[in-house]
Amino acid sequence: MEAFVQYLINGLAVGGVFALIAIGYVVVFRVVRIVNIAQGDLLAAATLVFLWLMNAHAGLPAAIAGAVAAALAAALFVERIAVTTGGWFDDLRAFLLTLAASQLIQGALLLLFGTQYLTMPASAPPIIAIGDVHVNGVYLLVIAIVVLALVGLVLFLERTPLGWAMLATADDPLAARLCAVPIRTMGVLAFAIAAVVAGIGGAAYGAVAIGSWNAGTTLSTAGFAAAVLGGMKNPTRAAIGGFVLGILQALVSGYAASYLQDPLTFVFLIVVLLAPALARRVARRRPRRAARAAAVAA
Amino acid sequence: MIVRPHLTRRLAASGAAVAVLALAATTAVPQAQSNAPYVIGAVLTISGSGANFGQPSAEAIRLLVKNTNDHGGIKGHKVELRLQDDGGDTQRARAAFSQLADDKSVVAVIGSSASPASLAIKPIANDKQIPDLTLGSSPLLSHPPTPYVFQFPVPTMLRARALYDEMKRRNVHKIAVFVSNDDYGQVSEKILDAEAQRAGIAIDDTERFDAMGANVDSEVTRAKSKSVDAFIVFSADPGSALVAKSMVNQGVTIPAYADSPAVNPGFLQAAGPSASRWTVVTTKIDIADLVRPNDPSYKAIHELVKLYPAGQKPNHFSGTGADAYNVLAAALAKAGPDRVKLRQAIEDTKNFDGATGVYTFSPQNHQGVGGEGLALITGEGGRWKLAR
């Protein structure tokens, strides 16, 4: 039981980070119709800056601010390459451009931080006892931060004029433009939101994992999987996708082995994505089979 | 989506340009003259996730080449280094090595940094008959020995044995093994199993994990539940740090043992005060300040250390890179640039004091170094010190 709770909490903390990446994918995809594959690299950049500042004793607020700033800089760079300059390609070229941007961000991180990885300054973790189970308080904090960020984003999108303008652009760019919504600004804003979320995610990830220049690739894949699980449209559902993925991975590593976590994650993804289609096919076959049986009987 | 044919045309054109460039690169080079420089090739992992292995070796070799040239070269011949990056990719390593081997002015090649790329190079070196001084540590690189491949790191088996000997001394009987889910981890797992049997230590749990994953909390939770006496970690970076961090997070206070990739500042940072519960096997260069002047490795280590600018220092990967270069330079001084004679001179190397240990090659033995240069170290106050 203790092991299960440990796996669950670890899964929620890591899944929370996946959730934040997934939200970034969804916000950008809805507004500018681009799968920004560099989303994980924004988070990796934020993680490194956060850990670097924490180790320089800059204090938690400054470190989080630095993380968000780093993610913002990286996101605006991606936006500039893949959206503004490209002129809103609605096709695979934009995807390729974000992939190129991802490699450039990794290169920049390698130049800035080298191959050395960073972690939080070691200290005794705040252990919280829940019944017989001892839980690292940092993990609970990370889970709380992710949930808060999610609630904040949903409130922003649904309760503020700026949020409405963004949603309008996402739903129908032409109509939004006719209503004097500056859709280009909305595109930049989408990237900025993805960056803020990645900045917070970077700080969270730094607290529970290790920062390295090439962590972005794995994170991008996991976040993308989560976003697709959530349907690529709704931030809340994408976040749930992230949590599901994180818990799944933690349980797989706990009860099987962690090297199976990626393959099993994708098996799960295939099943979830294909389930509706398979169900439909089965439903279509059944009457046919019944008809055939009837014909034979006749 | 709009189809744009000119894009494909442009792609084809750039493809053709690349092909032309590739052709130009393989055209004949002038033959070596009497005072022509000795060209040394190197295929190392300078980018990608294995960059931690390759970059320190590359830096050491670069500094040593500069040092040689500043002191008049080898018998009047300047040394020219042709360094190629394989990114840890076997295909790239093969291509880079072939290119160097086909260039008649290249006398020998150092590399690659890790075992998969080195194993990919091995048949080409023997095929094209060019000495390859490999920094990979897989036993397959020199067992059985092949004429042109010489191996420089201390074999994994001897590092495992050193850690198990220490465990026996400290009455550790039951352990959990952590290996990264990559080539190095898989090879290490087999060696750790075999050596544990030999040492009479029981492996109660084996965790194969992703060294690039977010954390190994689940694995540590499970290993902890087996109530073992100690953990042993043979993982690529940053796997040892992940284990150390998870142990701290879960309050696991049993001793832990690790292979040399753990020796880096990131590990000490992740482990914090718990680093004093860790014993890491590495070569003495990682504790250069503590090596005594009567140690056979003292001279090689300190000659290398003083080439580094203030604030930088070599590590064990730098040490094996430096040893490969120094053995090669000595062989060049003896035999000159002819590849066949050079190969013979490397094979004739006897009792060569390197930073990693004492090198002796023979026709039957192309794994040049034993375990005498190993050191067991532990962390204390953010620094490494001898474990005993």
Side-chain angles (χ1 to χ4, degrees), chain A residues 2-7 9-11 13-15 17-18 51 55 89-93 106-107 110 114-125 127 134-136 138-139 205 208-215 217-219 222 246 249-262, chain B residues 1-4 7 45-56 178-182 185-186 206-222 224-225 237-242 244-246 248-251 264-275 379 382:
Chain A
E2 182 186 348
F4 178 74
V5 176
Q6 292 280 13
Y7 299 154
I9 291 197
N10 178 32
V14 175
V17 174
F18 294 165
L51 290 172
N55 282 294
F89 289 143
D90 186 9
D91 60 35
L92 283 175
R93 280 171 294 169
Q106 290 196 7
L110 182 60
T115 55
Q116 195 52 255
Y117 48 89
L118 291 174
T119 59
M120 284 286 270
S123 60
I127 301 288
H134 296 268
V135 177
N136 184 346
V138 175
Y139 283 49
Y205 193 68
V208 298
I210 277 178
S212 70
W213 63 277
N214 57 356
T217 310
T218 324
L219 291 174
Q249 290 202 348
L251 292 179
V252 169
S253 339
Y255 292 112
S258 75
Y259 66 93
L260 291 176
Q261 84 187 13
D262 286 340
Chain B
M1 191 179 127
I2 310 159
V3 181
R4 307 208 170 168
L7 191 70
T45 307
I46 298 173
S47 65
S49 55
N52 287 329
F53 307 150
Q55 279 191 352
F178 285 75
V179 287
S180 50
N181 176 40
D182 53 21
Q186 281 172 9
T206 300
E207 301 289 345
R208 303 170 194 90
F209 67 100
D210 176 8
M212 285 304 295
N215 61 42
V216 291
D217 286 357
S218 301
E219 285 83 352
V220 169
T221 304
R222 185 171 41 204
K224 184 173 76 170
S225 71
D237 264 346
S240 321
L242 287 174
K245 198 173 152 76
S246 272
V248 173
N249 280 348
Q250 299 187 34
N264 62 60
F267 174 84
L268 288 175
Q269 196 187 40
S274 78

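Within every chain, numbering begins at 1; the chains are lettered A, B, ... in the order of the sequence lines, protein sequences first and strands thereafter.
Taking OG1 of A:T119 as the start and CG of B:L268 as the end, the distance is 10.0 Å to the nearest 0.5 Å. Rounding to the nearest 0.5 Å places CG of A:L51 at 7.5 Å from CD of B:Q269. Rounded to the nearest 0.5 angstrom, A:I210 CD1 and B:K245 NZ are separated by 6.5 Å.
With a 4.5 angstrom heavy-atom cutoff, A:Y255 touches chain B only via backbone atoms.
Closest heavy-atom contact between B:N215 and A:V208: ND2-O, 3.5 Å.
Heavy-atom pairs under 4.5 Å with chain A were tallied for B:A244, B:A275, B:S180, B:P265; the largest tally goes to B:P265.
Remark: the B:N52 side chain and the A:Y117 side chain contain no N/O donor-acceptor pair separated by less than 3.5 Å.
Under a 3.5 Å cut-off, the side chain of B:R222 and the backbone N or O of A:S253 do form a donor-acceptor pair. One N or O on the side chain of B:S218 and one on the backbone of A:A250 form a donor-acceptor pair closer than 3.5 Å.
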